[in-house]
2 protein chains.
Amino acid sequence: MKYSKATNYALHTMLYLAVTSPKQRVGVQPMAEKLEVSPTYLSKILTQLVKAGMIESSPGAGGGYKLPSNWEEISFLDIIHAIEGPVSMFDGCLNHNPGCLIQRVMDDAEGKMEEELKQQKISDLAEKAPSVL
Amino acid sequence: MKYSKATNYALHTMLYLAVTSPKQRVGVQPMAEKLEVSPTYLSKILTQLVKAGMIESSPGAGGGYKLPSNWEEISFLDIIHAIEGPVSMFDGCLNHNPGCLIQRVMDDAEGKMEEELKQQKISDLAEKAPSVL
DNA sequence: CTATTAAGGAGTTATAATGTCTATAATATA
DNA sequence: TATATTATAGACATTATAACTCCTTAATAG
Ligand code: SF4
Ligand code: SF4
């Protein structure tokens with residue numbers, strides 16, 4: 001029951017982009033250095049974020065990543081879901097009882113957490129901590 | 001980012017005990033059959049629960065497990081912590097900034113979930129769904 | 001055309017979860 | 001006391017997943 005390092009990297013790169021360049025493009029290398037992770041591995045995570053619409057990419061010289069136009073709406077939950085997938089954290093139900101209580105309690109609790117993560121926008125953090133990285 | 005099967009088993013055995021025998025002792029075998037898991041593996045999980053004070057055990061003939069006297073106070077969170085440990089789900093902080101915001105947001109969100117899990121008692125489920133297993 | 005950068009796929013390694021086996025300890029009962 | 005029963009413990013094996021590497025391909029700017 002731990003968030004993966006990939007999620008950690010994703011959150012940090014998003015914050016990095018929000019702080020340093022809402023408009024300019026940034027390549028993998030500088031971010032990989034900051035996070036102390038290999039560029040190739042971080043690249044995979046960034047590709048996942050692109051597919052989820054969290055960032056935009058362009059190849060070639062002068063290319064790199066940048067935030068999309070709606071970046072101020074992006075929440076922690078969006079980023080986490082982009083990496084971890086939207087699946088439920090608990091799926092121990094054998095379905096021998098429709099509307100079971102164990103499953104419902106767990107889902108409800110997870111819902112509370114997601115509610116909070118949905119309200120936390122990456123743009124808020126960029127304002128409050130402009131030099132966090 | 002998924003709860004382990006062990007946590008699933010733990011929750012189910014606790015509910016089993018709460019429903020079938022708040023006072024009588026139950027061995028591993030019947031529970032292992034219900035959950036379709038090997039008795040030896042379930043045994044380890046039960047031992048963890050014993051050490052955490054979630055259940056009480058006695059060896060020998062006629063032995064087995066039973067709930068402690070304060071069983072009505074036991075919450076989902078207690079059981080989950082007994083298995084998963086009390087550690088934070090997110091620890092991606094390199095500590096290069098005291099009171100960082102990413103870590104705080106994640107911890108706050110986790111706190112919301114735990115708050116909910118703390119309020120959900122296993123005894124409530126036993127009342128509401130007496131024949132769930 | 002060439003340098004630069006992202007994307008994709010196949011593989012490897014590391015780590016943790018899951019499960020098995022065997023031996024030991026404790027208890028009730030005959 | 002002797003025996004059957006049950007939990008506990010540790011070492012081990014297996015499996016699943018995360019984490020990471022390497023190499024190739026595609027796209028773009030100049
Ligand atoms: S969560 Fe409920 S319905 Fe699902 S397997 Fe467990 S007891 Fe049965
Ligand atoms: S969570 Fe904040 S302080 Fe910790 S490593 Fe990330 S940016 Fe730095």
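Note on naming: letters A, B, ... go to the chains in the order of the sequence lines (proteins, then strands), and numbering restarts at 1 for each one.
- Distances were taken from every side-chain heavy atom of A:Tyr9 (C-beta onward) to each of C:dA7, D:dC20, C:dG19; the shortest belongs to D:dC20.
- If you check C:dT20, D:dT8, C:dT4 against the side chain of B:Ser43, the one that comes closest is D:dT8.
- What separates CE of B:Met1 from P of C:dA17 is a distance of 14 Å, to the nearest Å.
- In terms of position along DNA chain D, the nucleotide closest to A:Pro39 lies nearer the 5' end than the nucleotide closest to the other residue of the pair A:Pro39 and A:Gly60.
- Closest non-hydrogen pair, B:Ala18 versus B:Leu67, comes out as CA-CD1, 3.6 Å.
- Going from atom CD of A:Gln29 over to atom P of C:dA3 covers 17 Å, rounded to whole Å.
- Look at CD1 on A:Ile45: it is 15 Å from C1' on C:dA6, rounded to the nearest Å.
- Between the side chain of B:Thr7 and the main chain of B:Tyr3, no donor-acceptor pair closer than 3.5 Å is present.
- As judged by a 4.0 angstrom heavy-atom cut-off over every strand, A:Lys44 is placed among the base-contacting residues.
- Of the side-chain N and O atoms in A:Tyr65, one or more sit less than 4.0 angstrom from OP1 or OP2 of C:dA7.
- Judged purely by distance below 3.5 Å, without hydrogens or angles, the side chains of A:Ser75 and A:Gln120 never pair a donor atom with an acceptor atom.
- When the shell of 6.0 Å around NZ of B:Lys121 is examined, it contains more than 12 heavy atoms from other residues, nucleotides or ligands.
- Comparing B:Ala61 and B:Glu84 by the nucleotide of DNA chain C whose heavy atom lies nearest to each, the residue mapping closer to the 5' end is B:Glu84.
- Out of D:dT6, D:dT8, D:dT28, the shortest distance to the side chain of B:Thr47 is found at D:dT8.
- At distances below 3.5 Å, not a single donor-acceptor pair connects side-chain atoms of A:Glu72 with backbone N or O atoms of A:Asp124.
- Using a 4.0 Å heavy-atom cutoff across all strands shown, A:Tyr3 reaches no nucleic acid atom at all.
- Candidate nucleotides C:dG19, C:dT20, C:dA7 were compared by shortest atom distance to the side chain of B:Ser38, and C:dT20 ranks first.
- OP1 or OP2 of C:dT12 has not a single side-chain nitrogen or oxygen of A:Tyr41 nearer than 4.0 Å.
- At a threshold of 4.0 Å, the pair B:Asp91-A:Lys2 counts as salt-bridged, since one of the basic side-chain nitrogens sits closer than that to a carboxylate oxygen.
- In this entry the distance linking CD1 of A:Ile83 with P of D:dC20 reads 14 Å, nearest Å.
- Toward the 5′ end of DNA chain D lies the nearest nucleotide of B:Gly62, the other residue of the pair B:Gly62 and A:Gly62 mapping further downstream.
- Counting any heavy atom pair closer than 4.0 Å across all strands shown, A:Ser57 reaches sugar-phosphate atoms only and no base atom.
- Atom pair B:Lys66:NZ and D:dT6:C1' shows a separation of 16 Å (rounding to whole Å applied).
- Counting any heavy atom pair closer than 4.0 Å across all strands shown, B:Lys51 reaches sugar-phosphate atoms only and no base atom.
- For the pair B:Leu49 CG and D:dT8 C1', the interatomic distance rounds to 14 Å; values are reported in whole Å.
- The side chain of B:Thr40 sits closest to C:dC21 out of C:dC21, D:dT8, D:dC20.
- Here D:dT28 presents its C1' atom at 16 Å from CD of A:Glu56, a figure rounded to the nearest Å.
- To the nearest angstrom, P of D:dA9 lies 13 Å from CG of B:Leu46.
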